[in-house]
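The block underneath contains the structure these notes are about, expressed in structure tokens.
Computation of the quantities below employed the complete heavy-atom set of this structure, encompassing side-chain atoms and omitting hydrogens, waters and symmetry-equivalent molecules. These numbers were taken from a predicted model, which means no experiment stands behind them. Counting convention: from 1, in listed order, for ligands and their atoms alike.
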Amino acid sequence: MSYDFIIIGAGHNGLACAAYLAKAGAKVLVVERSARVGGACHTAEATLPGFKHNICSVVHTHIPTGPVYRDLELERHGVRYVYPEHLRGTIFPDHRSIVMYREPERMAAELSRFSVNDARTFRTLHDDYGEFLESTFLPLMYSPPLPPSLQSAELEKSEEGRKLLQWQASTPVQLLDELFESEEVKVHFLSRLTVLGFAPDQFGQGWICLLRILKAEAPICVGGSQQLAQGLRSAVEAHGGVVQTGAEVQRILLRGNRATGIQTGDGSRIEAAKAVVTNVEPKKSFLRMVGEEFLPAAFATRVKNYHARGRSLFVLHLALSEPPQYKAAAHNPPVDIAFSQEMFGGTVREQVRAYHEVSMGSPPRKEMLQITLPTLYDPSQAPAGKHTAVVWQYAPYRLEPGGAEGWKNLREEYAAHVLDLWRSYAPNLSRDKILAMAIQDPTDTERQNDNLVNGVDVVGDMTPDQMGYFRPFAGWSGYKTPVEGLYMCGGFCHPGGGVHAGAGHNAAGVIAEDFKLKRWWD
Ligand SMILES: Cc1cc2nc3c(=O)[nH]c(=O)nc-3n(C[C@H](O)[C@H](O)[C@H](O)COP(=O)(O)OP(=O)(O)OC[C@H]3O[C@@H](n4cnc5c(N)ncnc54)[C@H](O)[C@@H]3O)c2cc1C
């Protein structure tokens, strides 16, 4: 059997890439090692029948507004999103809180309870940068990254651009100190960033903080994240593509320096007439499936140096008989109906310290929590009147001492500790309200999907040396590789991890151009 293109891995990026190519008329095969499609878009009844838990991603910020949803007509393929009105609450240890809103006026009013000056600054930032970021950020995500010199040249042209360049060089904490006076306002915005795995005091990431200040959206996929993967699979198949699950690719077959197909675990060889495209992280793709001996030495070194050392998440999935009722709601009632809650201590310093402790292998004993209740806005994810909650607490993959193995001994005790932290904010969550619970420590995350090396959710660290033009490696950020006919399309490429299908979309564009396929999309 022969195909034009073989895509290795049915993560949402692999599926999106496949759907674009299939719709362009190519003969496409997607091969997935697991029994289901979606990779980290995974919904499962992890606790009790009828309770659908999102094992990894919950919020798909850029899917419904980005090009992929529209181009692949995902609504027709059963993918729908709901937009929570009350987005996120940051709750402080003294039970005051800030709830995040989409509308700038409403958000500014919320901030003014802490500082009138900060509310004014937020409005000004929105006026000055809101549209600018909206109109530049999405196009930058959904196209191959520009070399830094070109990107800087563009930004240098305007005052907003020059200011952005300076913020880009700074740390998130520096940016927040420059902009805001209230510690709570700073903690609120900083936690929006650190929860994604960005270090609070990392130089070169100030601009991401600005994005997180201004971009407030939390679309959730009705029925759970797996529905996005199902819809993408349906789009692939609707255009004649084939998706094969339960087949692990062992080798990428080569003739000279050209990829010609794949070999799966049962020894089957399948030919790709035009190209092989990998959705799988660099070390496995290149060192195992291609083989170091077939790579230029300098490229192999870059692959070996690709890192996933950042923080991971300790996750609890809960089936609840009722939603949490926060003490904070006494002062700010919408806290109870916000889609998610962040509890990150009371000061910026505490967040920075906790981040460093995690880097050194210590799971924080203080709350570094994000808690999300999809069922508040999508009741289809639990039996009538019941709820699911997902609790994320920062955590290292390797404990010091104990290493990754150490989680075996720690997980039950740490789960109880995390629950106690949560209960100190939401005292109604007594044992009888928790119908069942499943623990997912960082090693479980990697075991379920070995593409998430060290349990790092974004498929390799999103640090300045591994972002944009440097992702996965400088000179190879255009989805091509030194092996002819071998392309990359996963979250380890620009624009990085997370569910937006940017890498799948961009890789399809490059491949369409190289093979003169009809580029039917904008
Ligand atoms: C706990 C957690 C919470 C998260 N929450 C969010 C969130 O709320 N919002 C968000 O945007 N992002 C979130 N993320 C991150 C996001 O889910 C991932 O970054 C993203 O889904 C990665 O997509 P991908 O297609 O690049 O890779 P993956 O989804 O990892 O897909 C790769 C696929 O390749 C397959 N594969 C691997 N090796 C082989 C092989 N040899 N042969 C065949 N197939 C193979 C794997 O089985 C997998 O299906 C979260 C992640 C985690 C872990």
- Run the numbers on Tyr414 and Leu399 for side chain to side chain contact (heavy atoms under 4.5 Å, CB included), then give the verdict. CA-CA 12 Å; Tyr414 197 60; Leu399 302 174; over 6 Å; no
- Task: Start with the C-alpha gap between Glu367 and Tyr425, add the side-chain angles, then the distance that decides, and say whether side-chain hydrogen bond (donor to acceptor under 3.5 Å, both in side chains) holds.
- Result: CA-CA 10 Å; Glu367 60 276 30; Tyr425 289 86; 2.5 Å; yes
- Message: Assess whether a salt bridge exists between Glu75 and Arg70, defined as any Lys/Arg side-chain N lying under 4.0 Å from an Asp/Glu carboxylate O.
- Response: no
- Message: So if I apply the side chain to side chain donor-acceptor pair (under 3.5 Å) rule between Arg447 and each of Thr443, Thr445, Asn449, which one comes out positive?
- Response: Thr443
- Item | Interfacing atoms of ligand 1 (cut-off 4.0 Å, heavy-atom, Ile8) | 42 (N), 43 (C)
- Message: Parallel, tilted or perpendicular: which one describes the rings of Phe137 and His62, with boundaries at 30° and 60°?
- Response: tilted
- Can an N or O of Asp457 be found at a distance shorter than 3.5 Å from an N or O of ligand 1? yes
- In terms of residue, atom name and distance, what is the protein heavy atom nearest to atom 41 (N) of ligand 1? Val249 O, 3.0 Å
- Give yes if a backbone or side-chain nitrogen or oxygen of Glu32 is under 3.5 Å from a nitrogen or oxygen of ligand 1, and no if not. yes
- Item | For atom 22 (C) of ligand 1, the protein heavy atom that lies nearest, with its residue and separation | Val459 CG2, 3.9 Å
- Among non-hydrogen protein atoms, atom 20 (C) of ligand 1 lies closest to Gly498 O, 3.8 Å
- Message: Please determine whether the number of non-hydrogen atoms from other residues, nucleotides or ligands lying under 6.0 Å from atom CD of Glu413 exceeds 12.
- Response: yes
- Query: Is there a heavy atom of Gly38 sitting under 4.0 angstrom from any atom of ligand 1?
  - Reply: yes
- Note on the structure: Among non-hydrogen protein atoms, atom 31 (O) of ligand 1 lies closest to Gly11 CA, 3.2 Å
Report all side-chain donor-acceptor pairs from residues 3-12 shorter than 3.5 Å, counting only partners two or more places apart or in another chain.
{"unit_1": "Asp4", "atom_1": "OD2", "unit_2": "Lys27", "atom_2": "N", "d": "2.8"}
{"unit_1": "His12", "atom_1": "NE2", "unit_2": "His500", "atom_2": "N", "d": "3.3"}
{"unit_1": "His12", "atom_1": "NE2", "unit_2": "Ala501", "atom_2": "N", "d": "3.0"}

- Per atom 37 (C) of ligand 1, closest listed option by heavy atom (Val37, Val280, Thr264): Val280
- Identify, for atom 32 (C) of ligand 1, the protein heavy atom at the shortest distance, and state residue, atom and that distance. Asn451 ND2, 3.4 Å
- Residue Gly497 vicinity, atoms of ligand 1 by number, heavy atom under 4.0 Å: 19 (O)
- atom 11 (O) of ligand 1: nearest protein contact (heavy atom, Å): Val499 N, 2.7 Å
- Any idea which atoms of ligand 1 are less than 4.0 Å away from a heavy-atom of Gly490? 26 (O)
- Message: Taking 4.0 angstrom as the limit and counting only heavy atoms of Glu248, give me the atoms of ligand 1 inside it, by number and element.
- Response: 41 (N), 42 (N)
- Message: So if I count the atoms of ligand 1 from 1 in the order they appear, which ones are less than 4.0 Å from some heavy atom of Leu452?
- Response: 53 (C)
- Query: So, are Glu342 and Arg192 salt-bridged, with charged N and O less than 4.0 Å apart?
  - Reply: no
- Which segment of Thr61 sits under 4.0 Å of ligand 1 when only heavy atoms are counted: neither
- Task: Please test Tyr326 against Met343 for side chain to side chain contact (heavy atoms under 4.5 Å, CB included), starting from the C-alpha separation and ending with a verdict.
- Result: CA-CA 11 Å; Tyr326 289 96; Met343 285 144 254; 3.9 Å; yes
- Query: So is Lys284 close enough to ligand 1, meaning a heavy atom under 4.0 angstrom away?
  - Reply: yes
- Message: For atom 3 (C) of ligand 1, what is the closest protein heavy atom, and at what distance to 0.1 Å?
- Response: Cys56 O, 3.2 Å
- Query: Looking at ligand 1, does any of its N/O atoms fall within less than 3.5 Å of an N/O of Val58?
  - Reply: yes
- Message: I want to confirm something. Looking only at heavy atoms, which of Ala40, Gly9, Ser285 is nearest to atom 29 (O) of ligand 1?
- Response: Ala40
- Item | Location of contacts on Thr445 toward ligand 1, heavy atoms closer than 4.0 Å | side chain
- Query: Within the structure, does Asn13 bring an N/O atom to less than 3.5 angstrom of an N/O atom in ligand 1?
  - Reply: yes
- Task: Side-chain contact test, heavy atoms from C-beta onward, threshold under 4.5 Å: evaluate it for Leu373 versus Pro324 and give yes or no.
- Result: yes
- Answer whether the closest heavy-atom distance between the side chains of Val30 and Gln244 falls below 4.5 Å. no
- Message: For the 3.5 Å polar cut-off, considering only N or O atoms, please tell me whether Val315 and ligand 1 meet it.
- Response: no
- Message: Any salt bridge linking Asp514 with Lys274? Criterion: basic side-chain nitrogen under 4.0 Å from a carboxylate oxygen.
- Response: no
- Query: Is the closest heavy-atom distance from Trp392 to ligand 1 below 4.0 Å?
  - Reply: yes
- Note on the structure: ligand 1 to Val31, heavy atom cutoff 4.0 Å, flagged ligand atoms 43 (C), 44 (N)
- Would you mind running through ligand 1 and noting each atom that sits below 4.0 Å from a heavy atom of Asn449? 28 (P), 30 (O), 46 (C), 48 (C)
- Do me a favour and list the nearest non-hydrogen protein atom to atom 9 (N) of ligand 1 with residue, atom name and distance? Val59 O, 2.7 Å
- Message: Between His60 and Ile220, is the side chain to side chain contact (heavy atoms under 4.5 Å, CB included) condition met? List the steps.
- Response: CA-CA 6 Å; His60 299 166; Ile220 50 171; over 6 Å; no
- Item | Trace of the side chain to side chain contact (heavy atoms under 4.5 Å, CB included) decision for Val249 with Arg33 | CA-CA 7 Å; Val249 175; Arg33 74 190 266 273; over 6 Å; no
- Test Tyr397 against Glu446 for side-chain hydrogen bond (donor to acceptor under 3.5 Å, both in side chains), laying out the working first. CA-CA 9 Å; Tyr397 176 83; Glu446 187 190 52; 2.5 Å; yes
- Item | From Ser57, Ala501, Gly246, Cys493 - option closest to atom 5 (N) of ligand 1 by heavy atom | Ser57
- To the nearest 0.5 Å, atom CD of Gln263 lies from atom CD of Glu248 at 12.0 Å
- Message: Quick test of your reading: applying ring pair (Phe, Tyr, Trp, His ring centres under 6.0 Å), list the pairs with at least one residue in residues 265-288, sequence neighbours left out, ordered by first then second residue.
- Response: Phe286-Phe299
- Proximal atoms of ligand 1 relative to Asn279 (non-hydrogen, under 4.0 Å): 24 (P), 25 (O), 26 (O), 27 (O), 31 (O), 32 (C)
- Message: Out of Arg33, His12, Gln440, who is nearest to atom 39 (C) of ligand 1 when you count heavy atoms only?
- Response: Arg33
